[in-house]
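The next block holds one structure in the form of structure tokens; read it before the comments.
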Amino acid sequence: MAEDTLTVTDNRTGREYTLPITDGTIHATDLRQVSAEEGDGGLMSYDPAYLNTASCRSAITFIDGDRGILRYRGYPIEQLAEDATFLETAYLLLEGELPTATQLQAFEDEVRYHTYVHVNVQKFLEGFRYDAHPMGMLLGAVGALSTFYPDAKEIGDAENRHLQRVRLVAKMPTIAAFAFRHSRGLPYVLPRNDLDYIGNFVNMTFEIGGRHEPNPVLQRSLEILLILHADHEQNCSTSAVRSVGSSQVDPFSAVSAGIAALYGPLHGGANEAVLRMLDEIGDTKNIPAFIEQVKAGHGRLMGFGHRVYKSYDPRAKLIKRVADDVFEQTGLNPKLEIALELERIALEDEYFVSRKLYPNVDFYSGLIYQAMGYPTDYFTVLFALGRLPGWISQWEEHLSDPEQKISRPRQIYTGEGERPYVPRARRG
Ligand code: CMC
């Protein structure tokens, strides 16, 4: 009978080792016994950018990148996008099960109770320059929350962790909305607890003179977008939250590290970069020349490609449908024509086909956010609002995993050997 083991021969010594295989993996620490000489520390695995290294066990999100499957806690993303609310999805990610009606009501009430931020958070935000990037404001303000809630350091207390998670879910939209108003020079609008989660956020961003006429289609579309972004297993920002959280810092600091990671153009910042790219292309007639530039290595086709998906990103498929609903309300975004043509040409081009590069979640989301009235530099903030439940679910899972310790990768040292200090006067 076949054994779940891997037998390897170290040709340096001729010694043979048998390593257990569990869940399709070998433990990197099992390689330490493979040693060529006394004191060499044993064999390490080298995996820059974690291309083939599982860093944790997780029961939260399942992705099959070849088949374009994404599930939260076992539930297909398509079904959640169709029927769930964002807070219901957040509860599912955080607690592992869909809430009963009573549980959902209790969670919504809890979140509603915590939507206000200390007035000093408002003052803190006022200190940013008028043209501050809203992601910079968000990451600064969420990090600053740790100074308002020093009790968040009690990360060994499960009840306390729950309270901080609720605070984050409740206060992020308020901070995000304040950042939006700040960049427009508009007075901040305080939370309205008679509205639902999405309705309150939209009201805080768009209310003028005490009035805002809600558009249920646009609000549901925004909610679907947030659901589609809610978790994506061990992506760059989630790994940042886990890694920073592994030092046992408070969750506000860990989440601000996630926001910082998301800010980058290869991650959440791609939705902003897509819009800038579409502006640069300007007209469908310029697409072939643009594609040639990308193929020649000058820049990337933003919103295309994914580390895990080697087929169509299931979120991008759903987002295209949301786009139809939104544009029916707002009129067509003129850049949609360029995006559709760009996609058509890229999907027929050998360069993109052979590398399995398909549109990802960021390719169409920016066009929708723009049609809803959000400025380009605000798109990643909306991504962060969506991703928050994932970050804090993964943070919680990490802290309660007995196999985890402080994150601390190894390295291959490539620098100089020991050499004596040269006094300044004698340096060439
Ligand atoms: N345009 C042109 N070429 C690309 C692209 C692209 N968007 N993405 C990958 N490639 C090429 C790349 O040059 C490489 O080619 P070669 O083998 O000839 O060197 C090959 O495809 C593999 O690329 P890679 O950089 O090794 O792939 P990766 O898994 O490290 O990168 C990625 C994944 C998402 C960072 C990358 O595809 C990319 O930069 N995409 C554009 C930015 C983007 O849309 N990011 C959003 C990702 S989804 C949402 C999120 O995570 O926030």
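Just so it is clear, the structure is predicted and the values come from calculations on it, not from any experiment. Every number for a ligand or one of its atoms is a count from 1 in the order of the listing.
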Exercise. Which residue pairs pass the side-chain hydrogen bond (donor to acceptor under 3.5 Å, both in side chains) test when at least one of the two sits in residues 50-65, sequence neighbours left out?
Worked result: Asp23-Arg57, Asp47-Thr53, Arg57-Glu403, Ser58-Glu397, Thr61-Asp231, Asp64-Arg67

For this session: Step through it carefully: locate the ring centre of Phe304, locate the ring centre of Phe363, and say whether they are under 6.0 Å apart.
Result: yes

Exercise. In terms of the angle between their ring planes, are His232 and Tyr309 parallel, tilted or perpendicular, with boundaries placed at 30° and 60°?
Worked result: tilted

Give me the pairs of N or O atoms, one from ligand 1 and one from the protein, that sit under 3.5 Å apart.
unit_1	atom_1	unit_2	atom_2	d
ligand 1	1 (N)	Leu301	N	3.0
ligand 1	3 (N)	Tyr351	OH	3.0
ligand 1	7 (N)	Leu301	O	2.8
ligand 1	7 (N)	Phe304	O	2.9
ligand 1	13 (O)	Arg300	NH2	3.3
ligand 1	15 (O)	Arg355	NE	3.2
ligand 1	18 (O)	Arg355	NE	3.1
ligand 1	18 (O)	Arg355	NH2	3.0
ligand 1	25 (O)	Arg300	NH1	3.2
ligand 1	25 (O)	Arg300	NH2	3.0
ligand 1	29 (O)	Arg307	NE	2.7
ligand 1	30 (O)	Arg307	NH2	2.9
ligand 1	39 (O)	Arg300	NH1	2.7
ligand 1	40 (N)	Phe304	O	2.9
ligand 1	44 (O)	Gly303	N	2.8
ligand 1	44 (O)	Asn360	ND2	2.9
ligand 1	45 (N)	Leu266	O	2.9
ligand 1	51 (O)	His267	ND1	3.0
ligand 1	52 (O)	His267	O	3.0
ligand 1	52 (O)	His267	ND1	2.7
ligand 1	52 (O)	Gly268	N	3.2

Problem set entry | Polar side chain donor-acceptor pair, Ser246 to His398, under 3.5 angstrom | no

Under 3.5 Å, which donor-acceptor pairs link side chains of residues 85-97 to any protein atom two or more places apart or in another chain?
unit_1	atom_1	unit_2	atom_2	d
Thr85	OG1	Glu88	N	3.1
Glu88	OE1	Thr85	N	2.9
Thr89	OG1	Thr85	O	2.8

Seminar exercise, completed: For Arg167, the side-chain hydrogen bond (donor to acceptor under 3.5 Å, both in side chains) test, sequence neighbours excluded, returns Asp151, Gln164

